[in-house]
Structures are given as structure tokens and as C-alpha cells.
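Data block below; observations after.
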Amino acid sequence: MVSVTRTVFGELPSGGGTVEKFQLQSDLLKVDIISWGCTITALEVKDRQGKASDVVLGFAELEGYLQNLPYFGAVIGRVANQIGKGTFKLDGKEYHLAINYGPNSLHGGLKGFDKVLWTPQVLSNGVQFSRISPAGEEGYPGELKVWVTYTLDGGELVVNFRAQASQTTPVSLTNHAYFNLAGQGSPNIYDHEVTIEADAYLSLNENMLPTGDVAPVQGTAFDLRKPVQLGKHLQEFRLGGFDHNFCLKSSKEKHFCARVYHAGSGRVLEVYTTQPGVQFYTGNFLNGTLKGKNGAIYPKHSGFCLETQNWPDAINQPHFPPVLLSPGEEYNHTTWFKFSVA
């Protein structure tokens, strides 16, 4: 059984509308999602003693989410991750997007899908958010109808993304939740054990943009096919953290993506997806300046993201998985976040 409770979370400034919060609860999980950016604001999971803790980073109040911030818990679109130089060519026309990350365009632009109010609809086991991204929004071609659906099934949070385009456009949607399985507000994620089911990753240039090279993980710091303890692993390879796309199976079927285990609490997160890639990010840019829930501060490496997605800059890399959605087609991807204890 899943219960869904609807409350007011806050009011947007200058009459911008009411942001609502939807609390989904099963016997194993409790998840709070707001209609601003379809953002996951809290996710409570029990440890092996049966004690529940909130395992996602975020804010107690709407104000926190209105700052220019690290996309805590939000849906990212029209295109997640980077587009090189913020430009791409389509049907002979060149499109120019906002440059908001070094020389490139990141996470849909200055006002991406994370910074808009969505229209909610309560379901028996979750909530569906929808919006129409107008033609030309953030420089992208054509109108895009988008639906993001969150449902609970026992210990599993299921996120489904659907979209339909009036004109051919790149589309890659993800959720940008930051997790800490020890409980949000814990100082780091070094004691987390990480596995990612990927034989290859994308090597990056100095601006963190894929070079186009699909590099084998074998014999590198990116070989996470067997569990590694994060802190030890970063030290051993002298890495400042991960912020890389791992190349998954190219099957459109549900496939295993990653597993993270926190020995202290016994909490396990397994991620399954239909997407061809996952951006594993270890909160390298967090710096302790944000005031989170319950007085938490979020220093570097205090949370991790597993952003299931198409590969970054796929629009400019013909050998990457296709990222274009044409009229008459439907973009339809699902990611499963499965929580358990071990």
C-alpha cells in the first residue's frame, strides 16, 4: 500500500504560484517531492536497526531551492549534462544555447526544467508532473510536452520520463538527487562502497566535456565493476572525485546500473535504468556554504549522484547514442532506485 499526501510547500515570489509537496509513503520508504522542478526534497529509509534517516541532501524551505544551487533533487532538461560551446546543428540550422558552465551549456541552460513550476496530478501510488516547454525555450527547437512520474513500490522509487516534440530536438532527462546513505548531513561519503556496471567511460577535456573517446575502464580508476570503498579508492588513484559518464548497456530494456552500500547503517541503493549512461558525481563542488535541512552543511564529497542519462554532448558526437526526438515519436525512459538493507 502507498499513501500520497498533498500539502503546500511555499509560495513563489511576486505571485509566481504555489509550490506543493507530495509525500509518498510505503512500508519501506517515505519520499517528499515538490512541484518546483519535480524536486525530491526528502527520502527516508530505514537502516538495519529499523531506524529511518533522510538520505538525500536538500532544504527545509522553498527559499533554498530558489537560489542558484547545485540542482539538489531536481529534474534536469531539456538536455541533462553538457553541450559543447552551447551550440549544435540540426537540419542545416545552428542553435545557440546559454553558456553557463565554462565555455559550454549545462543542464538545460539558465532556466532549465529544475527552475520551473510543474502541474501535478496525484496517482494511487505516486504523483505525475507535466509541463509544456515552449518552442525556443532556452534556445531549443520546437515545443516539448513532458511528463515525469514518481511511483513507490515497497522499497523502490520508480521515476519515469516521457516527452513528445513538435519539432526535432535533443532530449535527455534525469533526476539530480544527491544521496548520503549514512543520512544527509553526514560529513562525507568515503565509507560508501560503490559498484558501477560499465566497461567504458567517457574521457574528458579540461572543461569536463567528453573528448569523444570511449575509454575502457580496465586497469583505470574508473573500473568500478567490482565494489570499491570510495575514500580509499580516491586516495589510491589520487582522484579529486568523480564527475564522469559511465557507458552502460545500450539496451532499451531495464538493466542494472549501480549499487552503493553503506556498511555502517547497512543501507543499500541499487539503480536500474533504461538509459545508456550514468553520470557518477561525488559532490566535488559542494563547499560547506549551503545551509541544508536540520542545520546540515554540505562540504565537498558529502553526497553522490547517479544521474542516469544519455551521454553528454551526444548532439555533437555522431558515434554517441542518439539524442534526437522527432515529431510522432515518444521519449520514454525509466530509472529504478531500489533501497534495502544488508
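Residue numbers run from 1 in the order of the sequence given. Note: hydrogens, waters and symmetry copies are ignored here, and every other heavy atom, side chains too, is used.
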Shared hydrophobic cluster for V271 and V148 (ILVMFWY, side-chain gaps under 4.5 Å): yes
Heavy-atom neighbours of K293 NZ exceed 12 at 6.0 Å: yes
Gap between atom OG1 of T211 and atom CG of N205 - 0.5 Å precision: 7.5 Å
Side-chain H-bond candidate by donor/acceptor type, E94 with H96, under 3.5 Å: yes
Hydrophobic cluster membership, L239 vs L224, 4.5 Å side-chain cutoff: yes
I40/N175 under side chain to side chain contact (heavy atoms under 4.5 Å, CB included): CA gap, chis, key distance, verdict: CA-CA 9 Å; I40 298 171; N175 179 283; 3.7 Å; yes
Common cluster, V159/F304, ILVMFWY with side-chain heavy-atom separation under 4.5 Å: yes
E138 (side chain) donor-acceptor with L110 (main chain) under 3.5 angstrom: yes
Transitive ILVMFWY side-chain link L230 to Y201, under 4.5 Å: yes
In one Ile/Leu/Val/Met/Phe/Trp/Tyr side-chain cluster, 4.5 Å: L57, I189: no
Nearest-0.5 Å distance, CD1 of residue I297 to OG1 of residue T289: 9.0 Å
Any donor-acceptor pair under 3.5 Å from N180 side chain to A182 backbone: yes
Minimal non-hydrogen separation, Q184 against V56, with atom names: CB-O, 3.3 Å
Check: R6 main-chain N/O paired with E20 side-chain donor or acceptor under 3.5 Å: no
Aromatic plane relationship, H333 with Y331 - under 30° parallel, 30 to 60° tilted, over 60° perpendicular: perpendicular
Residues L157, L152; criterion side chain to side chain contact (heavy atoms under 4.5 Å, CB included); working and verdict: CA-CA 5 Å; L157 173 64; L152 274 194; 3.9 Å; yes
Presence of salt bridge, R225 and D223, under 4.0 angstrom: yes
OG1 on T18 to CG on L62, rounded to 0.5 Å: 10.0 Å
Test item: W118 side-chain N/O and F113 main-chain N/O as donor-acceptor pair under 3.5 Å: yes
Parallel, tilted or perpendicular: ring planes of F320 versus W311, cut at 30 and 60 degrees: perpendicular
H301 (side chain) donor-acceptor with P299 (main chain) under 3.5 angstrom: no
Side-chain (T220) to main-chain (F222) donor-acceptor, under 3.5 angstrom: yes
No-hydrogen, no-angle side-chain donor-acceptor test under 3.5 Å, Q275 and Q309: no
Side-chain donor/acceptor of R48 to backbone N/O of A342, under 3.5 Å: yes
Over 12 foreign heavy atoms within 6.0 Å of NZ, K338: no
F22-F129 aromatic ring centre distance below 6.0 Å: yes
Side chains of T334 and N160, donor plus acceptor under 3.5 Å: yes
Side chain N310, main chain V79, donor-acceptor under 3.5 Å: no
Side-chain (Y281) to main-chain (G241) donor-acceptor, under 3.5 angstrom: no
Aromatic plane relationship, H176 with Y178 - under 30° parallel, 30 to 60° tilted, over 60° perpendicular: parallel
Value rounded to 0.5 Å, distance of NE2 in H262 from OG in S53: 10.0 Å
Approximate separation, where rounding is to 0.5 Å, of K30 NZ and K46 NZ: 9.5 Å
Mutual orientation of the aromatic rings belonging to F337 and F179 [parallel < 30°, tilted 30-60°, perpendicular > 60°]: tilted
Any donor-acceptor pair under 3.5 Å from R78 side chain to G139 backbone: no
